[in-house]
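Read the structure below first, then the notes.
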Amino acid sequence: MVKKVKLPLTEETLAELRAGDNVLLSGILYVARDAAHKRMVEALERGESLPFDIKGQTLYYMGPSPAPPGRPIGSAGPTTSARMDMYTPRLLVAGLKGMIGKGVRSAEVKGAMKKHQAVYLAAIGGAGALISKTIIKSEVIAYQDLGPEAILRLEVKHFPATVINDIHGGDLYVEGKAKYRRKDNG
Amino acid sequence: MREIKAGDITRAVSSLFKQANYELGKDVLTALKRARREEESPSGREVIDTILKNADIASNEGIPLCQDCGTAVVFLEPGQDVHITGGDLYKAVNEGVRRAYAEGYLRRSIVSQPFSERANTGDNTPAVIHTDIVPGDKLKITVLPKGGGAENMAKLGMLLPSDGRQGLVEFVVNAVDEAWSKPCPPVIIGVGIGGTAEKAVSMAKHALLRRVGEPSPDAEIADIEREILGKVNNLGIGPMGYGGRITALAVHAESFPTHITSLPVAVNLQCHSARHRETIL
């Protein structure tokens, strides 16, 4: 069963989502990766505000390929989330509620997610063409000088993702691996 | 002596990188369809369905398979009787990369200085070029746009000779287990055994060019490939790490004689978006 979910995430939605759920997201996503994360956290450390109101929002870790003529964006699949781990707890303190990427998060991030009641979802890496078709609009909203790493605001419709870490302690990567692991693995 | 024009090399490289980024090879598609039949986990099957659907969209609508259009890795096998005319061979290759990434709307992901400034070179050059001179008067060009997520999970182990076959199998299985969900499984596992440190790493990368699932011509190496694949597919990681049987589509190993004191083993992982193309001029 696929759940249709509206963005930004509400408290009710956050409580409903369970690790392993397949969801189709519609609404607004903000895109930021390595360089933008570094700059956002540096701004917060200096006591400055972020270029957009992050409270309740969802971040997508992604760096698209260039948009061909007539399209809002090029290929647009997730990048490895672990590279953002050292910046994530600070953004969760600032009110971030959802993250979309791929691959396992650190223990620190999982702890901070639990504390601040946020969820982590994965999109399918290497499915950038398919995901691109669910992005209706893309605009650079900050850090334009970072080029492919600038912050984007996306409007998405039926963006496919899977819940990895829910607010109840569920963890699909850990549970999935344990379920299918067999003894003879070296 | 046969002459090959540098301009023809540029055109070939450009066309290969565009093709590779928009279309998965038949061998990869066949391996993915087989994995779809064999996968026990429902979420694993859904992931593979999505990967196959993505391949259709990419080739039919001209959107790159993955936004990470890779480091431009190029393998050149010039025949010793070939003479390149009208320009420098490596410049011709880099010009081909430059054109492919600009004309093909491919993401340019290379930074010029790796450890602090990290400024994008803007055209995805320089390519990483491997050259192997062979007999004959032809030039074989193979391109491998290599995504960063899987490449970052590469490993080199300088094992002890006493570690033997069991030690090298364990080393490879552990490398895949540690990489877990990060390299975009189901992966293809390239393994280099023997030689020196850099020879092992280079063989692990070269092994990825083999047709997916084709066993090594050496019976013992082929047996090691089967053993590693069996063990890796018992790890439980599954497609994209959501839990499942198919963590790897294939294991490809290459081996080379080594020093009496050494047993180098290298692992290079290829994500499921296994993009490579070749041509012979």
Side-chain angles (χ1 to χ4, degrees), chain A residues 2 19-22 33-35 62-71 73-83 101-105 122-133 146-149 160 162-164 171-186, chain B residues 21-22 40-41 43-44 46-47 50-51 53-59 61-69 105-109 118 120 147-149 152 166 169-170 172-174 177 180-184 227-228 230-245 271-273:
Chain A
V2 182
D21 283 353
N22 286 326
R33 48 181 291 156
D34 312 50
M62 189 271 289
S65 63
R71 288 194 179 278
I73 201 163
S75 196
T79 193
T80 307
S81 309
R83 293 196 317 276
K102 69 177 176 82
V104 290
R105 309 305 302 262
I124 295 179
L130 182 139
I131 292 170
S132 163
K133 304 264 292 177
L146 294 179
E149 297 209 37
T162 300
V163 180
I164 302 293
D171 186 330
L172 178 64
Y173 288 139
V174 171
E175 291 157 20
K177 191 178 182 182
K179 187 170 172 190
Y180 289 93
R181 202 170 178 94
R182 283 181 186 159
K183 224 174 168 187
D184 181 24
N185 53 43
Chain B
N21 271 294
Y22 288 93
E40 294 166 17
S41 132
S43 59
E46 282 166 18
V47 168
T50 303
I51 292 169
K53 210 159 133 193
N54 182 69
D56 274 347
I57 293 172
S59 63
E61 304 193 29
I63 307 173
L65 286 154
C66 180
Q67 74 290 338
D68 185 349
C69 303
Y105 296 95
L106 305 179
R107 197 183 78 186
R108 287 154 277 198
S109 312
R118 295 186 67 86
N120 199 299
N152 287 340
Q166 196 192 343
V169 168
E170 264 171 36
V172 178
V173 175
N174 283 340
D177 201 14
W180 199 352
S181 50
K182 288 181 197 163
C184 285
E227 183 182 350
I228 295 172
K231 289 188 159 145
V232 161
N233 284 342
N234 281 341
L235 289 172
I237 296 169
M240 286 315 291
Y242 299 170
R245 189 61 48 223
C271 62
H272 61 72
S273 200

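Lettering of chains follows the sequences in order, A, B, ..., and the numbering in each one begins at 1. Treat the numbers as computed from the prediction; the structure is a model and nothing was measured.
Ranking B:A58, B:G243, B:G236, B:G149 against chain A, the residue ahead of the rest is B:G236, based on heavy-atom pairs under 4.5 Å. For the set A:P160, A:P69, A:A178, A:S132, the count of heavy-atom pairs under 4.5 angstrom toward chain B peaks at A:P69. Chain B forms the most heavy-atom pairs under 4.5 Å with one residue out of A:G176, A:G103, A:S75, and that residue is A:S75. When each of B:A55, B:C66, B:G241, B:S181 is scored by its heavy-atom pairs under 4.5 Å with chain A, the top score falls to B:S181. No other option in A:A67, A:A82, A:P68, A:A19 has as many heavy-atom pairs under 4.5 Å with chain B as A:P68. Chain A forms more heavy-atom pairs under 4.5 Å with one residue of B:Q166, B:E46, B:K53, B:E61 than with any other, namely B:E61. Highest contact tally toward chain B, considering only A:I124, A:I164, A:L172, is held by A:I124 [criterion: heavy-atom pairs under 4.5 Å]. Ranked by non-hydrogen atom pairs under 4.5 Å with chain B, the options A:K179, A:R71, A:E175 are led by A:R71.
Interface residue A:P64: only backbone heavy atoms are found under 4.5 Å from chain B. With a 4.5 angstrom heavy-atom cutoff, A:A76 touches chain B only via backbone atoms. For a residue to count as touching a neighbouring chain, one of its non-hydrogen atoms must lie under 4.5 Å from one of that chain's; by this rule B:S43 does not touch chain A. If you measure heavy-atom distances from B:L65 to chain A, the contacts under 4.5 Å come from the backbone alone. Looking at B:E40, both its backbone and its side chain come within 4.5 Å of chain A, counting heavy atoms on both sides. Of the atoms belonging to A:R83, not a single heavy atom falls under 4.5 Å from chain B. Only the side chain of A:K102 has a heavy atom closer than 4.5 Å to any heavy atom of chain B. Using a 4.5 Å cut-off between heavy atoms, A:I73 makes no contact with chain B at all. Contacts between B:L235 and chain A at a heavy-atom distance below 4.5 Å involve backbone atoms as well as side-chain atoms. Interface residue A:A122: backbone and side-chain heavy atoms are both found under 4.5 Å from chain B. There is no contact between B:D56 and chain A, counting heavy-atom distances below 4.5 Å.
Expressed to the nearest 0.5 Å, how far CG of B:N120 lies from CG of A:L146 amounts to 11.5 Å.
Remark: the backbone N or O of A:G63 is not paired with any side-chain donor or acceptor of B:Q67 at under 3.5 angstrom. Checking side-chain atoms of B:N54 against main-chain N and O of A:G126 turns up a donor-acceptor pair under 3.5 Å.
By the 4.5 Å heavy-atom criterion applied to side chains, A:K183 and B:N234 are not counted as neighbours. At least one side-chain heavy atom of B:T50 sits less than 4.5 Å from a side-chain heavy atom of A:L130.
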Before you tell me yes or no, could you show the steps for B:M240 and A:T162 under side chain to side chain contact (heavy atoms under 4.5 Å, CB included), namely the whole-Å CA-CA distance, both residues' side-chain angles and the distance that decides it to 0.1 Å?
CA-CA 11 Å; B:M240 286 315 291; A:T162 300; over 6 Å; no
